[in-house]
Amino acid sequence: MSKGVFQDNGRRPIPPRKSNISVDANALDCHGTARDALVKRFKALIEKRTINIVVAGGVRDEASHPNTPADVKSAVMPRIFNLRPSLIPQQHAERKKVATILQGNAAPDKHAADASHLSEAAETGCSYFVSEDARILKKRADLAAVLPPTLQIVTLEEFLEIFDDYEEGKRR
């Protein structure tokens, strides 16, 4: 594993083929770098229905923005998504914990959308939240304390490493 994230937080990855996976729209961005091959591979896994993507309602809203690249829209828009029903008090409380961790010293509500994406991934039973957001990735250990133990926050590279390990029989 590239950063040893799972060894650090003690969480055991769940087989990706048997999981719901939530993806932050930024994880699908191409920048003309070698990482673009990872994005292309991830999108192929989605298209072949090898992995099951569940999109947070807020991510779907972001992907529908006119400035979102067409390839990101095509990967996000046709997926199963959370309809964003009314929240119960417990969900409000859990989301507040996530928002507080992400906010840090930033202005109030600056990272509310990110907190909502993570919370929706937890609420819809996702095993992975794939993101390239530096703030989220930097705070994963703190977030692990308030998110379900089955939810892993990973980069696209880390997710594909886990996927490959399971495919090659290195994990059971």
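Note that the structure is a prediction, hence the values are computed from the model and not measured. Every heavy atom of this structure was used, including side-chain atoms; hydrogens, water molecules and symmetry mates were not.
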When rounded to the nearest 0.5 angstrom, what distance separates [atom1] in [X] from [atom2] in [Y]?
{"X": "Lys96", "Y": "Ser119", "atom1": "NZ", "atom2": "OG", "answer": "12.0 Å"}
{"X": "Leu118", "Y": "Glu123", "atom1": "CG", "atom2": "CD", "answer": "10.5 Å"}
{"X": "Asn52", "Y": "Lys18", "atom1": "CG", "atom2": "NZ", "answer": "14.5 Å"}
{"X": "Glu158", "Y": "Glu161", "atom1": "CD", "atom2": "CD", "answer": "7.0 Å"}
{"X": "Leu38", "Y": "Cys30", "atom1": "CG", "atom2": "SG", "answer": "9.5 Å"}
{"X": "Ile162", "Y": "Glu167", "atom1": "CD1", "atom2": "CD", "answer": "12.5 Å"}

- Residue pairs involving residues 25-49 (criterion ring-ring contact (aromatic ring centres under 6.0 Å, His included); sequence neighbours excluded):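 Checked against ring-ring contact (aromatic ring centres under 6.0 Å, His included) - neighbours excluded - the pairs reaching residues 25-49 are Phe42-Phe159.
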- Query: Phe129 pairs by side-chain contact (heavy atoms from CB on, under 4.5 Å) with which of Leu143, Leu147, Ile136?
  - Reply: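 Output: one option passes, namely Ile136.
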Measure across [X] and [Y] and return the closest heavy-atom pair with its distance rounded to 0.1 Å.
{"X": "Ile21", "Y": "Pro16", "result": "CD1-O, 3.9 Å"}
{"X": "Leu156", "Y": "Glu132", "result": "N-OE2, 2.8 Å"}
{"X": "Cys126", "Y": "Val54", "result": "SG-CB, 4.0 Å"}
{"X": "Gly125", "Y": "Asn20", "result": "O-CB, 4.2 Å"}
{"X": "Leu137", "Y": "Ile153", "result": "CD2-CG2, 4.1 Å"}

- Non-neighbouring partners of Asp36 that pass side-chain hydrogen bond (donor to acceptor under 3.5 Å, both in side chains), sequence neighbours left out: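 Per chain and number, Asp36 pairs via side-chain hydrogen bond (donor to acceptor under 3.5 Å, both in side chains) with no residue.
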- Residues which pass side-chain hydrogen bond (donor to acceptor under 3.5 Å, both in side chains) with Ser131, listed by chain and number, not counting sequence neighbours: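 side-chain hydrogen bond (donor to acceptor under 3.5 Å, both in side chains) check on Ser131 returns Asp24.
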- Query: Is a side-chain N or O of Tyr128 found less than 3.5 angstrom from the main chain of Ile14, in a donor-acceptor match?
  - Reply: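 Checked: pair present.
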- Query: With distance as the sole test, does Arg35 use its side chain to make a donor-acceptor pair with the main-chain N or O of Glu157 at under 3.5 Å?
  - Reply: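 Checking the backbone N and O of Glu157 against the side chain of Arg35, no donor-acceptor pair under 3.5 Å is found.
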Mind checking what makes side-chain contact (heavy atoms from CB on, under 4.5 Å) contact with [X], not counting sequence neighbours?
{"X": "Thr50", "value": "Arg17, Leu45, Lys48, Phe163"}
{"X": "Asp142", "value": "Ile101"}
{"X": "Glu94", "value": "Gln90"}

- Determine, for Asp164 against Arg41, whether the closest basic-nitrogen to carboxylate-oxygen distance falls under 4.0 angstrom.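 Between Arg41 and Asp164 there is a salt bridge, with a charged N closer than 4.0 Å to a carboxylate O.
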